[in-house]
Amino acid sequence: MSDLEQTGPYDALLVVSFGGPENVDDVRPFLENVTRGRGVPPERLDEVAKHYLDVGGRSPINDQCREFIAAVRQDLDAHGVGLPVYWGNRNWHPFLGETVQQMAADGITRAAVFVTSAYASYSGCRQYRENLFDAVDGVERSPRLDKLRHYFNHPGFIEAFADSTCAALDLLPDESRDAARLVFVTHSIPTAMAETSGPSGGAYVDQHRSVADLVAGEVARRRGTPHPWELAFCSRSGPPHVPWLEPDVNDHLETLAGASTPSVVVVPIGFVSDHMEVVYDLDTEAAATADKLGIDFARAAAPGSHPAFVATVRDLLVERAAAEASGGDSVTRSALGDHGATWDSCLTMCCPNPRERRGALCEVAA
């Protein structure tokens, strides 16, 4: 049986991403879209806008999405899965609502949705599901949209990071490589949001720590040298009085320097591609901090279009189709570590909106 035969009832795949500005004039409107209603001070927007302007006023994220989607299409075609692949963004063109309208016009009836966010949290899951709700609202003959499950512990995601971490270690000087520490980095979020993430709370940090442990373990297995690791955060953007997850990666590098750490590999496990939070917060700011402190620094690549990560999309699609066909019974689900495969549909109370109750797709009552 081909994978195409296994993907019914789906007649399309929808990739949903964050979006990013593609020229200088896009920067400020894009940032206003991202932060609307969150109380972010104008001076913080000015600061972040400068980050984009420093790299030419163009985020790399949309180009990376185009490359990723092209790789996904090629992988699906190679395995006999002829589904069309659509792309919609939350915050910039192509906007999700416009994409869903096009899907309806094309006669798509039901689509699986792959979100470029691997972990549970309001901003990483429910907010996307709210956007899906808004996108189908009022669209005549809108397709049914089923969000694929979280994939933080999928073997393909772990393999991609293990490969890039080993490659980054090879970039360090011979004399400091074996003593390198792995600094796993993800996007900071408000501590209140982290505490309410997942069905029982605390999932955001817990899932990241699980990924870090899996990647570090695989790197140690391959290289024969264990590397101590820590989890740090980047890209805080909220009001100063609101507590966010810490330590910031730059502060953590200061701590490591105080402990005479000779070298680090920074691994952006919170991100699926090397977009602005990676190329600015890590490649620019964190690298400069390490240089100032005299720490040898290398940064592992995010999964991007790594073949194992691309194949993860197909695996999740086929898995979900099988679950829909069987009612969830006897479905093989790929997952590493102690967490196991996560849920197909989120509970209504999972990862609550911190500001208001809004409609969201792909959820079930507790």
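These values consider heavy atoms only, across backbone and side chains, with no hydrogens, waters or symmetry-generated copies. Heads up: numbering here begins at 1 and tracks the sequence.
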Closest heavy-atom pair and its distance - Ala168, Val265: CB-CG1, 3.7 Å
Using the rule that two of Ile, Leu, Val, Met, Phe, Trp, Tyr join whenever any of their side-chain heavy atoms come within less than 4.5 Å, decide whether Tyr52 and Leu282 are in one cluster. no
Verify, without hydrogens or angle tests, whether Asp75 (side chain) and Ala311 (backbone) share a donor-acceptor contact under 3.5 angstrom. no
Verdict with reasoning, Asn33 to Phe95, per side-chain contact (heavy atoms from CB on, under 4.5 Å): CA-CA 11 Å; Asn33 280 347; Phe95 283 111; 3.9 Å; yes
Check this for me: does any side-chain nitrogen of one of Arg222 and Asp163 sit under 4.0 Å from a carboxylate oxygen of the other? yes
Is Glu22 salt-bridged to Arg66, going by a charged N under 4.0 Å from an acidic O? yes
Close side-chain approach of Ile61 and Ser17, heavy atoms under 4.5 Å: yes
Reported CD-to-CZ distance for the pair Glu130 and Arg357, which is rounded to 0.5 angstrom: 8.0 Å
Above 12 or not: heavy atoms from other molecules or residues under 6.0 Å from CG of Asp338? no
Between Cys65 and Val15, is the side-chain contact (heavy atoms from CB on, under 4.5 Å) condition met? List the steps. CA-CA 9 Å; Cys65 274; Val15 175; 5.5 Å; no
Here the gap from Arg333 atom CZ to Leu316 atom CG, rounded to the nearest 0.5 Å, amounts to 9.5 Å
For the backbone of Cys234 and the side chain of Glu277, can you confirm whether one donor and one acceptor N or O come within less than 3.5 Å of each other? no
Counting C-beta onward and ignoring hydrogens, is there a side-chain heavy-atom pair between Ser117 and Val272 closer than 4.5 Å? no
Atom pair CZ/CZ of Arg358 and Arg129 - distance to nearest 0.5 Å: 11.5 Å
Arg44 vs Arg236, side-chain contact (heavy atoms from CB on, under 4.5 Å): CA-CA, chis, key distance, verdict: CA-CA 10 Å; Arg44 174 58 180 167; Arg236 177 196 166 109; 5.7 Å; no
Looking at Asp46 and Arg28, is any side-chain nitrogen of the basic one under 4.0 Å from a carboxylate oxygen of the acidic one? yes
Of all heavy-atom pairs linking Ala104 and Val139, the shortest is CB-CG1, 3.8 Å
Are the side chain of Thr196 and the backbone N or O of Met193 linked by a donor-acceptor pair below 3.5 Å? yes
Residues, nucleotides or ligands: over 12 heavy atoms within 6.0 Å of Arg209 CZ: no
In sequence, state the C-alpha distance, the side-chain angles, and the governing distance for Glu47 and Lys50, and then conclude on salt bridge (Lys or Arg N to Asp or Glu O under 4.0 Å). CA-CA 5 Å; Glu47 179 184 346; Lys50 186 177 184 304; over 6 Å; no
Is it possible for you to say whether Val211 and Phe114 belong to one hydrophobic cluster, with membership spreading through side-chain heavy-atom contacts below 4.5 Å? yes
Closest non-hydrogen atom pair between Ala301 and Pro268, with its separation: C-CG, 4.5 Å
Heavy-atom side-chain contact between Leu231 and His252 under 4.5 Å: no
pair Gln127-Ser123: side-chain heavy atoms closer than 4.5 Å: yes
Student check: side-chain heavy atoms of Asp106 and Tyr86 closer than 4.5 Å: yes
Taking C-beta and beyond as the side chain, do Thr284 and Val279 meet within less than 4.5 Å on heavy atoms? no
Do Leu182 and Phe297 belong to the same hydrophobic cluster, where Ile, Leu, Val, Met, Phe, Trp and Tyr are linked whenever their side-chain heavy atoms lie under 4.5 Å apart, directly or via other members? no
Give a yes or no answer on whether the side chain of Arg181 reaches the backbone of Glu230 with a donor-acceptor pair at less than 3.5 Å. no
Donor-acceptor pair, Thr99 side chain versus Trp87 backbone, under 3.5 Å? yes
May I ask you to decide if Gly20's main-chain N or O and Ser59's side chain share a donor-acceptor pair within less than 3.5 Å? no
Could you tell me whether the side chain of Leu245 reaches within less than 4.5 Å of the side chain of Tyr204, counting heavy atoms only? yes
Angle class for the His187/Phe271 ring planes (parallel below 30°, perpendicular above 60°, tilted otherwise)? tilted
Applying side-chain contact (heavy atoms from CB on, under 4.5 Å), run through Leu148 and Val113 and close with a yes or a no. CA-CA 6 Å; Leu148 299 175; Val113 179; 5.8 Å; no
Going by an N to O cut-off under 4.0 Å, is there a salt bridge joining Arg126 and Glu363? yes
On a heavy-atom basis, which atom in Ser263 and which in Ser176 lie closest, and how many Å separate them? OG-O, 2.7 Å
Roughly how far, to the nearest 0.5 Å, is CG of Asp146 from OG of Ser345? 7.0 Å
Look at atom CD of Gln74 and say whether more than 12 heavy atoms of other residues, nucleotides or ligands are closer to it than 6.0 Å. no
Rounded to the nearest 0.5 Å, the CD atom of Glu32 sits from the CG atom of Asn91 at a distance of 12.0 Å
With no hydrogens and no angle check, just 3.5 Å: does a side-chain donor-acceptor pair link Asp26 and Trp92? yes
Quick check: does any side chain N or O of Tyr151 sit under 3.5 Å from a backbone N or O of Ala335, one acting as donor and the other as acceptor? no
Pair Asp248-Asn250, side-chain donor/acceptor within less than 3.5 Å: yes
With a 6.0 Å cut-off on ring centres, are His339 and Phe152 close enough? yes
Main-chain N/O of Asp206 paired with Ser210 side-chain donor or acceptor, under 3.5 Å: no
Give a yes or no on whether Leu256 and Trp229 share a hydrophobic cluster (residues Ile, Leu, Val, Met, Phe, Trp, Tyr; joining criterion: side-chain heavy atoms under 4.5 Å apart). no
Mind checking whether Phe309 and Phe157 have parallel, tilted or perpendicular rings, split at 30° and 60°? tilted
Distance flag, aromatic centroids of Phe184 and His208, threshold under 6.0 Å: no
For Leu169, is there any backbone N or O sitting under 3.5 Å from a side-chain donor or acceptor partner on Arg177? yes
Ser235 OG to Ile189 CD1 distance, which is reported to the nearest 0.5 Å: 12.5 Å
Do Leu172 and Leu253 sit in one hydrophobic cluster, given that two such residues count as connected whenever their side-chain heavy atoms are within less than 4.5 Å of each other, even indirectly? no
How close do Ser188 and Trp244 get, heavy atom to heavy atom, and via which atoms? O-CZ3, 3.1 Å
For residues Leu132 and Cys362, report the shortest heavy-atom separation together with the two atoms involved. CD1-SG, 4.4 Å
Side chains of Thr7 and Val318 in contact at under 4.5 Å (non-hydrogen atoms): yes
Ion pair check, Asp283 and Arg299, cut-off under 4.0 Å: yes
Do the side-chain N and O atoms of Asn131 and Arg90 include a donor-acceptor pair separated by under 3.5 angstrom? yes
Keeping Arg320 on the side-chain end and Lys147 on the backbone end, is there a donor-acceptor pair under 3.5 Å? yes
When Trp343, Tyr119, Tyr128 are each screened for ring-ring contact (aromatic ring centres under 6.0 Å, His included) with His150, the one that passes is Trp343
